[in-house]
Chemist: 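I am attaching a structure below and will ask some questions about it afterwards.
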Amino acid sequence: MTPEELSERLLDFAARVGKVTDALPDTRLGRHIAGQLIRSGTSPAPNYEEACAAESRKDFVHKTSICLKELRESRSWLRLIIKAELLTKIQMTDMLDESTQLCNIIGQSVTTAKNKSNKQT
């Protein structure tokens, strides 16, 4: 996958997060999760763009690590939406799967970059 393709997937994920948050019920829990999810779910795309323009490998690792943290947080909120039955599991399956795939892709990128850094020192 090219950096451009990954960037596009992250933007698609952010757009889908927006739709999920809009579909949540207007309850105390729904509003709380919506606020948290909109923050964590929309930040990986711009963080990844920043990582692609990193000034060093260490900077790249740092910025992609932030992206990974936000994706993991988003995945946790998506799981809570299902557990709390705010939206159905059927509605959330693709979104949860995409968050897991993105975590795996970004996580592997972080690991690879760290390994390359360690070999250079």
Chemist: Any side-chain heavy atom of T111 sitting closer than 4.5 Å to one from N115?
Modeler: yes
Chemist: Do the non-hydrogen side-chain atoms of F13 and M95 ever get within less than 4.5 Å of each other?
Modeler: yes
Chemist: Mind checking whether L68 and C103 have side chains closer than 4.5 Å, heavy atoms only?
Modeler: yes
Chemist: From L6 CG over to I105 CD1, what is the distance, rounded to the nearest 0.5 angstrom?
Modeler: 6.0 Å
Chemist: For R79, is the CZ atom crowded, meaning more than 12 foreign heavy atoms sit under 6.0 Å from it?
Modeler: no
Chemist: Would you say S40 and L37 make side-chain contact, with heavy atoms under 4.5 Å?
Modeler: yes
Chemist: Could you pull out the closest heavy-atom pair between I38 and V17, with the gap in Å?
Modeler: CA-CG1, 4.1 Å
Chemist: Would you tabulate the side-chain donor-acceptor contacts of residues 86-94 under 3.5 Å, counting partners in other chains and residues two or more places apart, or write 'none'?
Modeler:
residue, atom, partner, partner atom, Å
T88, OG1, Q91, N, 3.1
T88, OG1, Q91, OE1, 3.1
Q91, OE1, T88, N, 2.8
T93, OG1, K89, O, 2.6

Chemist: Can you give me the closest heavy-atom contact between S43 and P46, atom names plus distance?
Modeler: O-CD, 3.2 Å
Chemist: Would a single hydrophobic cluster contain both L102 and I82, if residues Ile, Leu, Val, Met, Phe, Trp and Tyr are joined by side-chain heavy-atom contacts under 4.5 Å?
Modeler: yes
Chemist: What is the distance from atom CZ of R75 to atom CG of L80, rounded to the nearest 0.5 Å?
Modeler: 14.0 Å
Chemist: More than 12 non-hydrogen atoms from neighbouring residues, nucleotides or ligands closer than 6.0 Å to CD on E55, yes or no?
Modeler: no
Chemist: Is the side chain of S76 donor-acceptor paired with the backbone N or O of R72 at a distance under 3.5 Å, no angle test?
Modeler: no
Chemist: Under the rule for side chain to side chain contact (heavy atoms under 4.5 Å, CB included), what residues qualify as partners of K69, not counting sequence neighbours?
Modeler: none
Chemist: Kindly write out the residues that satisfy side chain to side chain contact (heavy atoms under 4.5 Å, CB included) with S109, not counting sequence neighbours, or none if the list is empty.
Modeler: F60
Chemist: Could you check whether S99 and S74, counting side-chain N and O atoms only, form a donor-acceptor pair closer than 3.5 Å?
Modeler: no
Chemist: Give the minimum heavy-atom separation between N47 and E70, together with the two atoms involved.
Modeler: ND2-CG, 4.4 Å
Chemist: Name all residues meeting the side chain to side chain contact (heavy atoms under 4.5 Å, CB included) criterion together with E49; count only those two or more places apart in sequence or in a different chain, and write none if there are none.
Modeler: S7
Chemist: Mind listing the closest non-hydrogen atom pair of A84 and L29 along with its distance?
Modeler: CB-CD2, 3.8 Å
Chemist: With sequence neighbours excluded, tell me which residues meet side chain to side chain contact (heavy atoms under 4.5 Å, CB included) with Q36.
Modeler: H32, R39, E73, W77
Chemist: Please report the shortest heavy-atom distance between R57 and A113, naming the atom on each side.
Modeler: CD-O, 3.2 Å
Chemist: Do you know the tightest heavy-atom contact between G30 and L24?
Modeler: O-CD1, 3.8 Å
Chemist: Between CG of L71 and OG1 of T100, what distance do you get to the nearest 0.5 Å?
Modeler: 10.0 Å
Chemist: Quick test of your reading: applying side chain to side chain donor-acceptor pair (under 3.5 Å), list the pairs with at least one residue in residues 8-19, sequence neighbours left out, ordered by first then second residue.
Modeler: R9-E98, R9-Q101
